[in-house]
Amino acid sequence: MAILFKIVSRNLREHKTKTLIIGVIIAAGMYLLIAGNTVIDTVTAGISKSFIEYNTGHIVVFPASLDAPSLLASGPEMLTDDEAAPIIREFTQVVDVIESTPGVSAVSPQINGMATLQFGEKGRAVSQLIAVDPDRYRAFFPDNINIVKGRFLERGEEGIVLSTDTLDMLGESAAEAVDIGDPVILTSIGGVAGMKVREVPVVGIFDVSVASQMMTSYLDGENMRALNGMTQITDIEAVLTAEEKSALGAVDEETLFGGADSIVIADENQSGETQDALFSTISTAADTAVEPYNAIDPDAWHYILVRLDDGSAIRRTVRRLNDSFSRAGLDVTAYDWLDAAGE
């Protein structure tokens with residue numbers, strides 16, 4: 001060992017210039033490596049903090065039928081998609097499983113949408129819409145909503161909370177200021193739901209705290225579901241009596257499409273009151289049959305955000321949640337925040 005040290009020392013003394021150059025190159029390389037890793041770690045930490053603290057939480061639970069997890073999968077794409085965004089319908093059961101999982105500190109369900117906003121005759125703006133459970137959302141994101149006028153939505157209340165950017169766009173195009181209590185007309189055009197129009201009052205105005213909120217408005221869940229066409233149609237089973245089944249079985253193609261002879265027409269000698277009663281009965285029966293299919297599903301959500309006590313336990317908790325969902329027969333899947341952020 002002593003001999004080796006002597007050889008190295010003599011070599012360094014005899015080639016001072018080369019040694020200095022090599023030393024500088026090695027030092028510069030190490031500096032760039034350390035500096036680069038520091039920058040990458042800083043950027044990653046910043047992105048992670050931004051998403052976790054203001055957008056996704058640690059984990060997001062989506063319907064299992066969703067092809068690729070993304071918080072935007074139920075947003076602007078709905079304007080052109082021919083298929084409705086998948087919906088979590090077993091909401092109560094799913095939340096029970098999530099909240100009973102060790103390490104979970106908060107849960108917040110959400111619905112995404114997109115609509116044009118109209119105020120007065122000329123006021124126009126386009127806004128990303130988010131519907132939330134107000135109590136859960138404020139507990140989940142205590143610093144997300146900086147209300148500058150009015151207040152945030154309350155549970156069960158209809159209304160909209162506008163960002164200052166959306167407010168300015170509406171006010172400038174309308175040439176008049178939008179204030180608390182003013183009505184705003186929302187129009188949504190979806191590939192599946194078609195055109196939906198709703199009128200809601202302005203409940204509050206909030207100042208944007210993160211870039212993702214610039215053109216975002218918070219809408220109550222009832223109106224958001226109506227705009228998205230989130231009805232109970234897929235949850236309803238046709239339960240027919242024996243007489244109804246017998247009647248359906250007796251109807252053939254000739255009866256339905258055989259022409260005028262197969263259509264029952266009220267006798268012209270019948271009184272107007274009799275005919276009115278007949279048509280009223282038919283109309284009432286039709287409305288009663290269609291009503292359940294137009295009913296809004298009050299427990300339908302696009303996804304559920306999950307916050308943990310320990311941010312280092314994300315992957316372990318995702319596995320535990322998915323195992324629990326599978327055992328309970330629930331058609332949902334949990335993803336970590338990075339996967340849930342989408343492309």
**OP:** Kindly indicate, with the supporting measurements, whether the criterion side chain to side chain contact (heavy atoms under 4.5 Å, CB included) is fulfilled by N146 and F206.
**Re:** CA-CA 5 Å; N146 179 24; F206 74 97; 5.6 Å; no

Would you name the heavy atoms of [X] and [Y] that are closest together and state the gap between them?
{"X": "G159", "Y": "V200", "value": "CA-CB, 4.1 Å"}
{"X": "F91", "Y": "P109", "value": "CE1-CB, 3.5 Å"}
{"X": "I205", "Y": "V161", "value": "N-CG1, 4.2 Å"}
{"X": "A334", "Y": "I59", "value": "CB-CG2, 4.0 Å"}
{"X": "L170", "Y": "L162", "value": "CD1-CD1, 4.1 Å"}
{"X": "M169", "Y": "V126", "value": "SD-N, 4.2 Å"}

Starting at [atom1] of [X], measure out to [atom2] of [Y] and round the result to the nearest 0.5 Å.
{"X": "I52", "Y": "L308", "atom1": "CD1", "atom2": "CG", "answer": "9.0 Å"}
{"X": "L227", "Y": "L219", "atom1": "CG", "atom2": "CG", "answer": "6.5 Å"}
{"X": "T116", "Y": "R124", "atom1": "OG1", "atom2": "CZ", "answer": "7.5 Å"}
{"X": "D133", "Y": "L153", "atom1": "CG", "atom2": "CG", "answer": "11.0 Å"}
{"X": "S217", "Y": "M224", "atom1": "OG", "atom2": "CE", "answer": "10.5 Å"}
{"X": "F140", "Y": "S105", "atom1": "CZ", "atom2": "OG", "answer": "7.0 Å"}

Subject >> Polar side chain donor-acceptor pair, D165 to S163, under 3.5 angstrom >> reply: no

Subject >> Sequence neighbours excluded, every pair satisfying ring-ring contact (aromatic ring centres under 6.0 Å, His included) that has a member inside residues 148-169 >> reply: F152-Y218

I'd like to check [X] versus [Y] (side-chain heavy atoms, cut-off strictly below 4.5 Å). Are they in contact?
{"X": "N112", "Y": "L129", "value": "no"}
{"X": "I160", "Y": "V203", "value": "no"}
{"X": "D182", "Y": "F119", "value": "yes"}
{"X": "R151", "Y": "E157", "value": "yes"}
{"X": "E199", "Y": "L186", "value": "no"}
{"X": "V202", "Y": "K149", "value": "no"}
{"X": "Y137", "Y": "L305", "value": "no"}
{"X": "E53", "Y": "R307", "value": "yes"}

**OP:** Using side chain to side chain contact (heavy atoms under 4.5 Å, CB included) as the criterion, point out the one residue from M114, H302, K196 that pairs with N228.
**Re:** H302

Original post:
Hey, are R89 and D331 close enough for a salt bridge, meaning a charged N less than 4.0 Å from a carboxylate O?
Top reply: no

Original post:
Is R155 salt-bridged to E222, cutoff N-O under 4.0 Å?
Top reply: no

**OP:** Could you check I98 against F325 for side chain to side chain contact (heavy atoms under 4.5 Å, CB included), going step by step and ending with a plain yes or no?
**Re:** CA-CA 9 Å; I98 297 173; F325 294 149; 3.8 Å; yes

Subject >> W301 six-ring centre to R225 NZ/CZ under 6.0 Å and within 45° of normal >> reply: yes

Subject >> side chain to side chain contact (heavy atoms under 4.5 Å, CB included) assessment of T187 paired with Q118 >> reply: CA-CA 8 Å; T187 304; Q118 177 180 342; 5.6 Å; no

Original post:
Can you check side chain to side chain contact (heavy atoms under 4.5 Å, CB included) on L330 and Q93, steps first, answer last?
Top reply: CA-CA 8 Å; L330 297 172; Q93 299 95 308; 3.9 Å; yes

Original post:
Backbone N or O of V97 within a donor-acceptor pair of the S100 side chain at under 3.5 Å?
Top reply: yes

